[in-house]
Every structure is written in C-alpha cells, then in structure tokens.
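This report concerns only the one structure given below.
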Amino acid sequence: MRFEQFKQGHLRVFVSKQELSVHDVRPETLAVGKGQALLRNLLEEAESNYGFHAVGTLDFFVTFFPNDGMLVDVRREGTLPEETFEEFDQVEIRMTVDIVHHVLYQLDQLEDVIQASHSLARHIDQTETGGTLYFFEDRYYLYFQEQMKQHVEQTVTTILSEYGVPSPKSPFVMSEYGKTILLEQAVPTLIASFTP
C-alpha cells in the first residue's frame with residue numbers, strides 16, 4: 001500500500017492489484033469479510049505511521065482500476081474531539097465505490113509522455129482513438145475513452161505504469177478546465193513528431 005497524506009483529516013492510499021489478489025478483494029467483496037479486513041489494516045497502518053485517527057464519520061471514495069488496483073480516498077468529517085481515541089469510540093463509514101473502465105494515466109513530464117508513446121507503438125493500432133492528451137494542473141494525462149479488449153487494456157496499462165500512475169480524475173474535468181493538446185491519435189502523432 002502506498003500512502004499519501006494531504007492534511008490531518010484526508011488520506012489517499014493506492015492498493016496494488018497484487019495486494020488485492022493476495023487479500024482476495026474485489027469490488028463486490030469490499031464491504032464484507034476480507035474487504036473489511038483490508039480496510040481495517042489500511043486504517044491501522046494510517047494511524048500508526050501517519051497519525052490518521054479513525055474516529056467520527058469517515059468517507060471512503062474507492063476507485064477500482066481493473067488492471068492496476070484501487071485508489072482509496074479517505075476523508076474524516078469535522079474536527080477531532082479533545083477526549084478521543086478510546087476503545088469505545090464509534091466510527092461511521094460511508095463508502096462510494098466506482099469501477100473505471102477507461103484508461104487514464106498521469107505523467108509528470110512531456111518526456112515521459114513521449115517515451116510512453118514510443119513504447120505503445122506496436123499496440124496502438126488495437127485501440128479505437130489512439131489516445132487523447134490533456135495538460136491539467138501542471139501534469140500530462142493520456143486518456144483512452146474506449147473500453148478495450150482485456151488483453152489490449154492490460155498491455156496498455158502495463159506500459160503506461162512504467163511512466164506514470166493511474167488517475168482517478170475525471171476526463172470531463174480535464175476537457176473542461178485543462179488544455180486539450182491532442183484530441184485523438186495522440187500516441188501516433190507524438191511518435192511521428194518525436195522520432196528518436
């Protein structure tokens with residue numbers, strides 16, 4: 001699990017596909033049995049390593065990426081009471097689960113986008129759109145809106161994982177507030193424009 005703390009009541013955790021497989025956790029089992037155990041472990045690790053106290057009302061926003069794992073965004077509502085952290089403190093958990101079937105990756109530098117495009121060269125003809133490239137909040141985003149065949153999506157996400165990270169952001173937000181660099185055929189265009 002990879003933890004990232006934004007502020008006292010906000011934590012983001014990425015759980016890899018391998019970790020989900022080890023714990024036998026799927027979207028439909030997240031709220032019961034092994035899924036609950038994984039979330040409990042996540043909260044215990046967050047408390048011991050990051051001082052994130054699981055008290056009061058917690059909102060879990062869970063995004064599943066079928067080929068990569070899941071992103072858990074945890075937000076605690078309100079401020080911590082002075083007398084807290086007792087064994088009997090009640091915790092209310094509200095959970096929203098989303099399964100993402102499109103492919104959207106955040107890449108930090110243009111060079112990462114170019115290298116990823118060259119690595120995708122042999123597989124890009126198996127996609128419908130060739131990808132869309134956005135620039136949003138000082139990062140590049142490579143987006144494939146179509147639902148690909150499973151083996152194609154797995155190949156594309158494996159390659160993109162070498163250069164960036166899956167993004168839970170909405171491509172609609174990017175198209176509205178970011179800059180669309182290449183609306184379609186982004187990967188073939190980048191390959192043609194930046195030949196090594």
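Model, not experiment: these values are computed from the prediction.
- Residues Val62 and Met95 form a side-chain contact, since some pair of their non-hydrogen atoms from C-beta on lies under 4.5 Å apart.
- Two rings, from Tyr143 and His102, have their centers less than 6.0 Å apart.
- Residues Phe135 and Phe194 share a single hydrophobic cluster, defined by chaining ILVMFWY side chains whose heavy atoms lie under 4.5 Å apart.
- Closest non-hydrogen pair, Glu19 versus Ser16, comes out as OE1-N, 2.9 Å.
- Of all heavy-atom pairs spanning Ala186 and Leu142, the tightest one is CB-CD1, 4.2 Å.
- Atom CZ of Arg139 is separated from atom CE of Met174 by 12.5 Å, given to the nearest 0.5 angstrom.
- Note: the hydrophobic cluster containing Leu104 does not contain Val187 (ILVMFWY, side chain heavy atoms under 4.5 Å, direct or indirect links).
- Of the possible donor and acceptor atoms, none in the side chain of His23 sits under 3.5 Å from a partner among the backbone N and O of Gln18.
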Pair Leu133-Val113, side-chain contact (heavy atoms from CB on, under 4.5 Å): steps then yes or no: CA-CA 9 Å; Leu133 182 62; Val113 180; 3.8 Å; yes
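- With hydrogens and angles disregarded, a donor-acceptor distance shorter than 3.5 Å links the side chain of Ser48 to the backbone of Glu44.
- Between Lys179 atom NZ and Tyr134 atom OH the span is 14.0 Å, to the nearest 0.5 Å.
- Taking hydrophobic clusters as Ile, Leu, Val, Met, Phe, Trp and Tyr residues chained together by side-chain heavy-atom distances below 4.5 Å, Val72 shares a cluster with Val97.
- Taking the side chain as every heavy atom from C-beta outward, Asp112 and Gln109 approach each other to under 4.5 Å.
- Heavy atoms only, all atoms of each residue included: Pro188 and Gly130 are closest at CD-O, 3.7 Å.
- Contact check for Ile124 versus Thr127: side-chain heavy atoms found under the 4.5 Å cut-off.
- Figure legend: cation-pi geometry between Arg76 and Phe52, with NZ or CZ positioned under 6.0 Å from the six-membered ring centre and within 45° of its axis.
- Follow the hydrophobic side-chain contacts under 4.5 Å out from Ile191 and you never reach Tyr141; the two are in separate clusters.
- Between Leu43 and Leu58 the shortest side-chain heavy-atom distance falls below 4.5 Å.
- A salt bridge links Asp73 with Arg12: the distance from a Lys NZ or Arg NE/NH1/NH2 to an Asp or Glu carboxylate oxygen falls below 4.0 Å.
- When every heavy atom of Ala116 is checked against every heavy atom of Leu107, the shortest pair comes out as CB-CD2, 4.2 Å.
- Here the closest heavy-atom approach between residue Leu190 and residue Ser117 is recorded as CD1-OG, 3.4 Å.
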Give the table of side-chain donor-acceptor pairs shorter than 3.5 Å for residues 25-41, with sequence neighbours excluded, one pair per line with atom names and distance.
unit_1, atom_1, unit_2, atom_2, d
Arg26, NE, Glu28, OE2, 3.0
Arg26, NH1, Asp24, OD1, 3.0
Thr29, OG1, Arg26, N, 2.9
Thr29, OG1, Arg26, O, 3.1
Gln36, NE2, Ala31, O, 3.1

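- Taking all atoms of both residues into account, the shortest heavy-atom contact from Tyr140 to Leu110 is CE1-N, 3.4 Å.
- Annotation: Phe136 is not in aromatic contact with Tyr177 [ring centroid separation under 6.0 Å not met].
- Side chain of Ser167 to main chain of Gln106: no donor-acceptor pair is present (N/O by atom type, distance under 3.5 Å, no hydrogens or angles).
- Between the Thr129 side chain and the Gly131 main chain, a donor and an acceptor come within less than 3.5 Å of each other.
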Worked check of side-chain contact (heavy atoms from CB on, under 4.5 Å) between Glu128 and Met148: CA-CA 8 Å; Glu128 292 173 23; Met148 303 176 206; over 6 Å; no
Per-pair distances, 0.1 Å, donor-acceptor, side chain in residues 156-163, under 3.5 Å, sequence neighbours excluded:
unit_1, atom_1, unit_2, atom_2, d
Thr157, OG1, Glu153, O, 2.9
Thr157, OG1, Gln154, O, 3.1
Thr158, OG1, Gln154, O, 2.7
Ser161, OG, Asp68, OD1, 3.4
Ser161, OG, Tyr105, OH, 3.1
Ser161, OG, Thr157, O, 2.8
Tyr163, OH, Ser119, OG, 2.7

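- Atoms CG and CG, from Leu11 and Leu42 in turn, are 7.0 Å apart once rounded to the nearest 0.5 Å.
- The distance from atom OG1 of Thr57 to atom CD of Glu92, rounded to the nearest 0.5 Å, is 4.0 Å.
- Neither Val13 nor Phe61 shares a network with the other; the hydrophobic side chains, linked directly or stepwise wherever heavy atoms of I, L, V, M, F, W or Y lie under 4.5 Å apart, form separate groups for each.
- Summarising the geometry, atom CG belonging to Asp59 is positioned 10.0 Å from atom CD1 belonging to Ile93; distances are rounded to the nearest 0.5 Å.
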